[in-house]
**Q** 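First the structure, then my questions, so here it is.
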Amino acid sequence: MHFESTPEQVQLRKAVREFAEAEILPHVMEWDETQTFPLETIRKLGKLGYMGAIFPEELGGAGFGYIEYATIIEELCRVDGSVGLIVAAHTSLCSNHIYKCGSDEQRRYYIPKLAAGEWIGCWSLTEPEAGSDAAGTRTAAHLNDGEWTLNGAKTFTTNAHFADVCVAMAVTDRAAAQHGISAFIIEKNTPGFRLGKKENKLGMRASATGEVIFENCRLPRTQLLGQAGEGFVDSLRILDGGRISIAALAVGMAQGAYEAALRYSKVRKQFGRPISEFQAIQHKLADMATSIEAARLMVMRAAWMLDNGRRVTKESSMAKLFASEVAVRVAGEALQVHGGYGFIKDYPVEKFYRDVRLATIGEGTSEIQRLVIARQLLKD
Ligand SMILES: Cc1cc2nc3c(=O)[nH]c(=O)nc-3n(C[C@H](O)[C@H](O)[C@H](O)COP(=O)(O)OP(=O)(O)OC[C@H]3O[C@@H](n4cnc5c(N)ncnc54)[C@H](O)[C@@H]3O)c2cc1C
């Protein structure tokens, strides 16, 4: 077993950290308060290769694996979860669905633009009536005279309002249930495709989350992604990788919150000494650091397995479940270490505390992760 990062991985972590501290950190609160989508920063991330980390170089990607991808997401989220979420939805959901299930032509057309960050991608599975039960999709697509017509609406789509391309799931054969849902690639100017409400959120406020609506949205036959009827099953495979990115996102935010608490505990004095000298505070720091380490190891193991061609349904769900719950706990403890100042927006923990709540919900809630894990355990 090798627990050491390669020199290239160490260098990558350093480079992303430097970028995040220089280009993102100064704007974090302003973007949060004004709900500003950091488009310029996303373009810069694209130029650095971080918007297409997991795709081969011949398609314009960085040619990295999930270990490097998780490292990128973690380091971005250590500074701002919203930026990490934008990159994650774009990369491991939208772009990866096209990469894994698309035809050669679709790959060659879409992946280079997406990997360069010239185009932004979004991925729409969730509907108002189909959240955890995503197979309950109501959006429908019909094939007539060589054209698909889509009708319906998707909710909670990350990046929706800034996306150039959307991958969406729609029912093509209701009788076939889970094998009757197909995936489609929709470009933003397609007639009949429009954006609905942009949500006003508790956290992750610089990432745009919103509705996408299909009203007699007509698509050439070539915009079907993968096999007809297999879009939902493919989505589950895509989510196996996606959950690694949400787990990495959770680790990054936990790390950011923990570091803020560690720093604060050394400078805040009560009873004539830094609060870091009180055993109660030391125990909180020790528990935070230990649980973050454990979560990171789970994320990296799942990433390593995926990079080595293994099926990771159980491991990515375990990593996502554990890391997201660790992150919620750590952010709460980090806030507690700050006392009243943790409640104030001048300190970064307040934002971590809000942002981190998404981690136990997005890409499958903790309850659904337990269901997925248990199903795998019972199958084994
Ligand atoms: C900020 C944000 C970004 C998002 N981005 C995207 C995106 O880009 N693309 C996309 O498609 N979706 C996205 N989502 C949607 C997200 O994946 C769903 O919100 C999530 O899967 C839960 O669905 P729901 O909100 O409908 O909750 P519900 O499914 O209604 O769940 C409500 C509660 O019931 C529980 N529950 C439901 N079913 C069961 C069960 N069988 N057993 C036990 N408990 C259960 C849940 O765990 C939860 O606690 C995003 C959501 C948010 C908040």
Side-chain angles (χ1 to χ4, degrees), residues 6 8-9 11-20 23-24 37-77 80 82-124 157-160 162-167 183 185-188 207-208 225-226 234-235 237-246 248-249 252 299 303 306-307 309 363:
T6 64
E8 292 78 15
Q9 288 162 352
Q11 183 51 37
L12 176 69
R13 188 178 284 279
K14 186 167 169 276
V16 184
R17 184 169 290 201
E18 282 171 7
F19 177 88
E23 303 275 342
I24 300 172
F37 187 91
L39 193 55
E40 210 181 298
T41 305
I42 296 299
R43 302 273 191 241
K44 286 185 190 169
L45 287 171
K47 289 207 170 78
L48 291 166
Y50 303 155
M51 296 300 281
I54 50 177
F55 308 114
E57 290 176 44
E58 61 266 25
L59 289 174
F64 290 145
Y66 269 75
I67 291 189
E68 289 79 8
Y69 173 54
T71 303
I72 293 169
I73 297 291
E74 187 195 321
E75 286 300 325
L76 293 174
C77 293
D80 189 356
S82 285
V83 176
L85 181 62
I86 293 167
V87 177
H90 166 94
T91 309
S92 46
L93 295 182
C94 175
S95 309
N96 199 38
H97 199 148
I98 297 175
Y99 177 66
K100 286 276 183 226
C101 306
S103 62
D104 274 354
E105 217 175 350
Q106 287 170 332
R107 274 194 207 131
R108 279 199 305 271
Y109 183 72
Y110 290 107
I111 299 296
K113 296 179 182 67
L114 290 162
E118 285 162 21
W119 280 19
I120 290 173
C122 70
W123 191 82
S124 297
T157 295
T158 300
N159 297 344
F162 293 85
D164 299 279
V165 59
C166 173
V167 168
I185 306 175
I186 307 108
E187 292 183 21
K188 71 174 175 191
S207 77
L225 175 59
D234 287 340
S235 293
R237 199 155 54 98
I238 298 304
L239 283 169
D240 282 351
R243 284 173 181 154
I244 294 176
S245 69
I246 299 298
L249 170 141
V299 174
L306 194 57
D307 286 342
E363 296 199 31

**Q** With a 4.5 Å limit on heavy-atom distance, are the side chains of Cys166 and Cys122 in contact?
**A**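 Cys166 reaches Cys122 side chain to side chain.
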**Q** Do Trp123 and Ser235 come within less than 4.5 Å of each other through their side chains, counting heavy atoms only?
**A**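 Side chain of Trp123 against side chain of Ser235, heavy atoms only: contact under 4.5 Å found.
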**Q** Starting at CZ of Phe162, measure out to CZ of Phe37 and round the result to the nearest 0.5 Å.
**A**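 With rounding to 0.5 Å, CZ (Phe162) is 6.0 Å from CZ (Phe37).
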**Q** Out of curiosity, Cys101 SG to Arg107 CZ, how far, rounded to the nearest 0.5 Å?
**A**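 Answer rounded to 0.5 Å: 9.0 Å.
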**Q** Is any side-chain heavy atom of Leu12 closer than 4.5 Å to one of Phe64?
**A**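 Yes, at least one pair of side-chain atoms sits under 4.5 Å.
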**Q** Can you name the closest pair of heavy atoms from Ile98 and Leu225 and give their distance?
**A**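 Shortest heavy-atom separation between Ile98 and Leu225 comes out as CA-CD1, 3.9 Å.
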**Q** Quick one: ring pair (Phe, Tyr, Trp, His ring centres under 6.0 Å) partners of Phe19, sequence neighbours excluded?
**A**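 Not a single residue meets the ring pair (Phe, Tyr, Trp, His ring centres under 6.0 Å) criterion with Phe19.
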**Q** I'd like to know if Glu75 and Arg17 make a salt bridge, using a cut-off of under 4.0 Å between side-chain N and carboxylate O.
**A**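 Answer for the salt bridge query: yes.
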**Q** For a quick test of reading the model, state the closest non-hydrogen atom pair linking Val165 to Cys94 and the distance between them.
**A**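 Nearest heavy atoms, Val165 then Cys94: O-SG, 4.1 Å.
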**Q** I need the His97 NE2 to Ile238 CD1 distance, nearest 0.5 Å.
**A**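 Rounded to the nearest 0.5 Å, the NE2-CD1 separation comes out at 5.5 Å.
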**Q** With a 4.5 Å cut-off on side-chain heavy atoms, are Arg108 and Leu59 touching?
**A**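 Yes, close enough: below the 4.5 Å cut-off.
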**Q** Can you find a pair of side-chain heavy atoms, one from Leu249 and one from Leu76, that are under 4.5 Å apart?
**A**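 With C-beta onward as the side chain, the pair stays apart.
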**Q** Shortest non-hydrogen contact from Ala70 to Val299?
**A**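 So the two residues come closest at CB-CG1, 4.0 Å.
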**Q** When you measure from the side chain of His90 to the backbone of Leu114, do you find a donor-acceptor pair of N or O atoms at a distance under 3.5 Å?
**A**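 Yes; at least one donor-acceptor contact below 3.5 Å.
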**Q** Got a donor-acceptor contact below 3.5 angstrom from the Glu68 side chain to the Gly65 backbone?
**A**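 Confirmed, Glu68 side chain pairs with Gly65 backbone.
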**Q** More than 12 non-hydrogen atoms from neighbouring residues, nucleotides or ligands closer than 6.0 Å to CD on Glu58, yes or no?
**A**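 Buried by this count: over 12 neighbours within 6.0 Å.
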**Q** Determine yes or no for a side-chain-to-main-chain donor-acceptor pair under 3.5 angstrom, with Thr158 supplying the side chain and Ile86 the backbone.
**A**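 Between the backbone of Ile86 and the side chain of Thr158 there is no qualifying donor-acceptor contact (under 3.5 Å).
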**Q** Tell me, which pairs form a side-chain hydrogen bond (donor to acceptor under 3.5 Å, both in side chains) where one or both residues lie in residues 44-55, sequence neighbours left out?
**A**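 Residue pairs with at least one partner in residues 44-55: Glu23-Lys44.
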**Q** Has Asp164 got a side-chain atom pairing as donor or acceptor with Ile120's backbone, closer than 3.5 angstrom?
**A**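 Checking the backbone N and O of Ile120 against the side chain of Asp164, a donor-acceptor pair under 3.5 Å is found.
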**Q** Any heavy-atom pair between the side chains of Pro38 and Ile24 that's under 4.5 Å?
**A**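 Ile24 vs Pro38: side chains apart.
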**Q** How far does CD1 of Ile185 sit from OG of Ser103, to the nearest 0.5 angstrom?
**A**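 Answer for the CD1-OG pair, Ile185 versus Ser103, is 7.0 Å.
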**Q** Mind checking the CG-CG spacing from Leu93 to Leu239? Nearest 0.5 Å is all I need.
**A**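 Atom-to-atom, Leu93:CG and Leu239:CG are 6.5 Å apart.
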**Q** Please name the pair of heavy atoms, one in Tyr69 and one in Ala88, separated by the smallest distance, quoted to 0.1 Å.
**A**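 Of all heavy-atom pairs spanning Tyr69 and Ala88, the closest is OH-CA, 3.3 Å.
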**Q** With heavy-atom distances below 4.5 Å as the criterion, would you say the side chains of Leu85 and Ile246 are in contact?
**A**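 Leu85 vs Ile246: side chains touch.
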**Q** Between Thr91 and Asn96, is any pair of side-chain heavy atoms under 4.5 Å apart?
**A**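 Sidechains of Asn96 and Thr91: no contact.
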**Q** If we ignore hydrogens and angles and just use 3.5 Å, is the side chain of Asn159 paired with the main-chain N or O of Gly121 as donor and acceptor?
**A**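 The answer is yes, because a donor-acceptor pair under 3.5 Å joins these two groups.
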**Q** For Asp234 and Arg237, run salt bridge (charged side-chain N to carboxylate O under 4.0 Å, His left out): C-alpha distance rounded to whole Å, both residues' side-chain angles, the deciding distance at 0.1 Å, then the answer.
**A** CA-CA 5 Å; Asp234 287 340; Arg237 199 155 54 98; 3.6 Å; yes
**Q** I need the minimum non-hydrogen distance between Ser92 and Tyr66, along with the two atoms involved.
**A**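 Closest heavy-atom pair between Ser92 and Tyr66: CB-OH, 4.2 Å.
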**Q** Can you name the nearest heavy-atom pair linking Arg43 to Trp119, along with the distance?
**A**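 Smallest interatomic distance, heavy atoms only, reads NH1-N, 4.3 Å.
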